[in-house]
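What follows is a short report on a single structure.
Each residue takes its place number in the sequence, starting with 1. Note that ligands are numbered from 1 as they come in the structure, with each ligand's atoms numbered from 1 the same way.
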Amino acid sequence: MVSVIEETKEQQDRRMAWWREARFGMMIHWGLYSLSAGMWKGTCVLGNSEWIQQRARIPVKEYEQLAKEFNPVGFNAKEWVQVAKEAGMKWIVAIAKHHEGFCMFDTKFTDYNIVKATPFKRDPLKELAEACREEGIRFGFYYSQTVDWHHPNGVGNRWDYAPAKQDFTKYLREYVKPQLRELLTNYGPIAAIWFDMGTPTSELAVELKQFVRELQPNTIISSRIAANPFILRRYRAQSGRDIADYMSMGDNEIPEERIEGDRETPDTINESWAYKSYDHNWKSAGTLVQKLVTTISRGGNYLLNVGPTAEGIIPEPCVRSLKGVGEWLRVNGESIYGATASPIDIPPATPYQCTAKGGKYYIHIFAWPWDRKFKVSSVNSEVKRVYLLADPNHSKLEFNQEGGDVVISVPDKAPDPIDTVVVLEVNK
Ligand code: FHN
């Protein structure tokens, strides 16, 4: 029987308020795998670069050697936070410990950490937390609570350890929880903890959740604390609520239609989460804006990942795309921050999306009409006024509404080829 944590909807709403306003955040995958960068002994290893130890079955003793070379002298927390801020991102989730088990923070519970095992000797998470605080960006951690290829009792390493001899409960209670205590007491207010891959049993997932709540009741917890759908369903059936604060979609999964509840899409800018020297498949600013908008239009937040190099540098093409997103948001942010999912039905493959806020429907046009007439369907309210969001004068655009169909007379050329936002002010 899963013990249920009592909480009112109001308490939950209070915790989630900033997150529902923020909509767009940054994730950072950075660890020893950033140094191998998708290569092992001169060979390309396929897949996400942060998985290299598992993909190439690298023994712990061999993989550990990377720490001696990990010296990210180019790391500057303020610069990273500035990149996020200029992109219009409102919070950062940085890797504290990924599946490789290496701790990117100072911890008493293992020497396998960036301060004790590398020539760098600094705690980048401390610096990031401070830089975020100075810039008004919220800060949180990714922490792999189950998969740990380094720890003898962590899950996933069958090439060094015998699973039958492993004791996961001991690992959770004597290693994970003490480390979480460090992370939740030494780094100021923690906006979010991003667990991943699920905790093996619902009892342990609830124990972990309770532990986080006791240390920092306002920290938002991702649904990957319990990835198993059976655990999620059982908890919901018993408590009438979700085990976590919001549901994490699959990796790079943009919902196909509007979904209820708090949802988040974690997405990559190129293919791999962590830096991979030969992964050049960077998404453009235009693609990222359209993904951000589509995610919000369907009811989710968008958490976009960057993978800095082992030198501590966020790759230039990535910074360039993020700058482009920021430029678009500086003009059109009103349609994103605090906006909700589309109140109108949008069939798949329609070349527009819609976000909404306080009596305004923001129509995001991705493909401009050749005949200067843009038709929006299923508008369930009376439209009072229409204008381009980017137009500082909010000059009226002509329109005609017949039932749910609104046909808008738009300029000849798309004012913004990425996404022009047309505002429909409606009678609510
Ligand atoms: O295995 C990880 C992966 O490396 C990455 O961290 C992503 C981010 O959502 N999560 C896991 C897979 O779902």
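Comment: Arg57 does not engage Asp160 in a salt bridge, judged by the lack of any side-chain N to carboxylate O separation of less than 4.0 angstrom. Under a 4.0 Å N-O distance rule, the pair Asp148/Lys97 qualifies as a salt bridge.
Evaluation of the ring-ring contact (aromatic ring centres under 6.0 Å, His included) rule for Tyr362 yields no partner, not counting sequence neighbours. In terms of the salt bridge (charged side-chain N to carboxylate O under 4.0 Å, His left out) criterion, residue partners of Arg173 (sequence neighbours excluded) are, by chain and number, Glu207. In terms of the ring-ring contact (aromatic ring centres under 6.0 Å, His included) criterion, residue partners of Tyr171 (sequence neighbours excluded) are, by chain and number, His151, Phe168, Tyr175.
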Anything under 3.5 Å between an N or O on ligand 1 and a protein N or O? List each pair with its distance, or write none.
| from | atom 1 | to | atom 2 | distance (Å) |
| --- | --- | --- | --- | --- |
| ligand 1 | 1 (O) | Trp51 | NE1 | 2.8 |
| ligand 1 | 1 (O) | His99 | NE2 | 2.8 |
| ligand 1 | 4 (O) | Glu50 | OE2 | 2.5 |
| ligand 1 | 4 (O) | Trp51 | NE1 | 3.0 |
| ligand 1 | 4 (O) | His98 | NE2 | 3.2 |
| ligand 1 | 6 (O) | His29 | NE2 | 2.7 |
| ligand 1 | 6 (O) | His98 | NE2 | 2.8 |
| ligand 1 | 9 (O) | Arg224 | NH1 | 3.3 |
| ligand 1 | 9 (O) | Asp251 | OD1 | 2.7 |
| ligand 1 | 10 (N) | Asp196 | OD2 | 2.6 |
| ligand 1 | 10 (N) | Arg224 | NH1 | 3.4 |
| ligand 1 | 13 (O) | Arg224 | NH1 | 2.9 |
| ligand 1 | 13 (O) | Asp251 | OD1 | 3.4 |
| ligand 1 | 13 (O) | Asp251 | OD2 | 2.8 |

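For the ring pair (Phe, Tyr, Trp, His ring centres under 6.0 Å) criterion with His98, the lone passing option out of Tyr143, Phe195, Tyr142 is Tyr142.
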